[in-house]
Amino acid sequence: MTDLPNDLVLTESRTMREQTADRVEVLDKVKALALLPDGMHADIAVVAAYYEADYEAIESVIRRNREELTENGMRVLRGEEYRLFASVNLTDANPRARSLTVLPRRAILNVGQLLTESPVARRVRTYLLEAEAESAPFVIPTTFAGALALAAQQAAELEETRTEVAELVATNAKLSPRARVADQYEANPGITPTVFHKTHFTAVPERDFFEHLYRKDYLIDQRNSRWDERNSEWKDGPEHRHPTAKGKRYFYLAAKLDRQRIRRQQTLIIPGDAEHDLVAALERDGLPSRNRPALPGSQVVRLPRRQLGGAA
């Protein structure tokens with residue numbers, strides 16, 4: 001059985017998070033934290049920038065741990081309180097916004113205790129555990145009976161930890177492969193192909209970008225492949241834009257609720273190395289990215305849309 005990384009003790013144990021919640025100085029030891037002009041708070045965008053994570057990943061952590069983060073100082077400003085705060089601290093505030101989530105240092109640290117798939121958050125947790133170990137008193141037994149008691153206590157704690165890990169592994173083994181994938185990326189689910197295109201391949205028209213993913217066998221193409229008798233029209237097939245066998249190196253299916261609260265599946269980019277690997281693969285295919293623009297004088301070739309079923 002593979003041991004869990006030490007830093008994940010904090011993500012799994014709320015007791016351990018509470019024990020280290022006051023060590024906000026760790027944030028500046030890991031990297032510079034740029035707060036809002038009041039010098040006390042950050043919004044979700046600032047927290048995402050600090051942890052080098054997607055905005056949606058921070059929102060996901062907040063949704064799943066709202067009670068704990070609120071106890072650590074997170075607040076949602078609304079009404080007059082929001083307007084006063086925004087007028088001083090947000091120079092480019094969205095005029096349509098009516099609320100703002102703000103987090104003090106303690107809550108920002110709490111996010112780092114919970115956020116997986118972020119190297120910065122992992123370093124924060126490592127610093128926290130090291131600081132806790134340095135400050136924890138260690139009593140050396142002065143008698144043989146005391147030494148035996150300490151050894152027995154440590155053995156019991158080790159056995160308890162092993163039992164908890166074994167139960168976690170057994171529970172995970174009972175899940176379907178799809179559920180295990182979704183659970184693995186819950187804290188940082190990744191981005192949609194559309195957001196990926198807007199982030200990395202803005203020089204390529206969106207239609208041509210997806211045409212490339214279909215033609216190069218990254219995503220399943222089922223456009224206009226299903227006839228809808230009720231509406232007398234062609235519709236996309238049920239697996240349209242799902243990852244192919246080749247595409248599963250970079251994409252996975254995540255559950256979502258549509259506007260009618262019906263459970264659907266959406267294709268997301270696997271966060272982390274897979275996203276960078278996909279950028280490199282598409283660059284090798286010849287698509288110009290932000291990191292590797294098209295050569296002078298070259299142009300993106302517009303591909304004709306393949307027609308399926310009836311209308312294009």
Side-chain angles (χ1 to χ4, degrees), residues 54-57 60 117 172 175-292 294 299-312:
D54 292 336
Y55 188 97
E56 292 78 9
S60 177
E117 301 300 326
N172 193 51
L175 298 174
S176 66
R178 181 178 297 168
R180 287 199 294 272
V181 169
D183 182 65
Q184 179 181 359
Y185 303 124
E186 184 177 8
N188 180 18
I191 58 178
T192 65
T194 300
V195 173
F196 176 86
H197 163 255
K198 292 178 180 178
T199 302
H200 299 289
F201 292 92
T202 52
V204 183
E206 183 173 343
R207 199 200 79 174
D208 294 344
F209 175 78
F210 279 99
E211 198 73 48
H212 184 89
L213 295 183
Y214 301 141
R215 289 177 179 270
K216 290 294 185 178
D217 199 32
Y218 293 98
L219 297 179
I220 295 173
D221 183 3
Q222 289 187 347
R223 288 170 293 178
N224 301 319
S225 61
R226 178 171 58 91
W227 179 251
D228 184 349
E229 292 287 352
R230 174 181 293 182
N231 299 310
S232 298
E233 63 180 1
W234 290 96
K235 289 189 174 182
D236 296 338
E239 295 185 351
H240 181 58
R241 282 198 184 179
H242 287 195
T244 62
K246 171 184 175 180
K248 287 179 180 179
R249 291 180 54 190
Y250 315 106
F251 304 92
Y252 78 102
L253 292 175
K256 66 173 292 188
L257 296 178
D258 64 14
R259 294 178 179 177
Q260 287 76 40
R261 309 299 293 173
I262 298 175
R263 192 178 183 86
R264 307 286 189 188
Q265 288 184 319
Q266 66 172 343
T267 298
L268 297 178
I269 312 295
I270 297 174
D273 291 340
E275 180 177 348
H276 303 298
D277 292 343
L278 179 57
V279 172
L282 296 177
E283 287 176 343
R284 289 194 295 271
D285 290 345
L287 291 187
S289 69
R290 284 187 172 181
N291 295 328
R292 185 178 295 177
Q299 61 181 2
V300 177
V301 177
R302 292 184 174 273
L303 298 172
R305 179 170 176 172
R306 183 169 68 87
Q307 296 187 9
L308 297 171

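Numbering starts at 1 and runs along the sequence shown.
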Legend entry - Non-hydrogen atoms of Gly237 and Ser225 that approach each other most closely: N-OG, 3.3 Å
Legend entry - Stepwise side-chain hydrogen bond (donor to acceptor under 3.5 Å, both in side chains) check, Glu275 with His200: CA-CA 10 Å; Glu275 180 177 348; His200 299 289; 2.9 Å; yes
Legend entry - Separation between NE2 of His242 and CD of Gln266, rounded to the nearest 0.5 Å: 10.0 Å
Legend entry - Smallest separation among heavy atoms of Ala281 and Tyr250, with atom names: CB-OH, 3.8 Å
Inset, instruction - Return yes if some donor-acceptor pair links the side-chain N/O of Asn224 with the main-chain N/O of Lys235 below 3.5 Å, else return no. - result: no
Legend entry - Minimum heavy-atom distance Tyr252-Ile269, with the two atoms named: CE2-O, 4.0 Å
Inset, instruction - Quick one: pull up CD in Glu211 and CG in Asp221 and give me the separation to the nearest 0.5 Å. - result: 7.0 Å
Legend entry - Any donor-acceptor N/O pair, Lys216 side chain to Leu282 backbone, under 3.5 Å: no
Only pairs under 3.5 Å count here: list side-chain donor-acceptor contacts from residues 190-198, not counting sequence neighbours, and write none if there are none.
from: Thr192; atom 1: OG1; to: Val195; atom 2: N; distance (Å): 3.2
from: His197; atom 1: NE2; to: Phe201; atom 2: O; distance (Å): 3.3
from: His197; atom 1: NE2; to: Val204; atom 2: O; distance (Å): 2.6

Inset, instruction - Using the side-chain contact (heavy atoms from CB on, under 4.5 Å) rule, take Arg241 and Phe210 through it: C-alpha gap first, then chi angles, then the decisive distance, then the call. - result: CA-CA 9 Å; Arg241 282 198 184 179; Phe210 279 99; 3.5 Å; yes
Inset, instruction - Quick one: closest heavy-atom pair of Pro243 and Leu219, and the distance? - result: CA-CD2, 4.0 Å
Legend entry - Spacing of Leu253 atom CG and Glu239 atom CD [to the nearest 0.5 Å]: 8.5 Å
Legend entry - Straight-line distance of Leu287 CG to His212 NE2, nearest 0.5 Å: 4.0 Å
Inset, instruction - Would you give the length of the straight line joining atom CG of Leu278 to atom CG of Leu213, rounded to the nearest 0.5 angstrom? - result: 7.0 Å
Legend entry - Chi angles and distances behind the side-chain contact (heavy atoms from CB on, under 4.5 Å) call for Arg226, His240: CA-CA 11 Å; Arg226 178 171 58 91; His240 181 58; over 6 Å; no
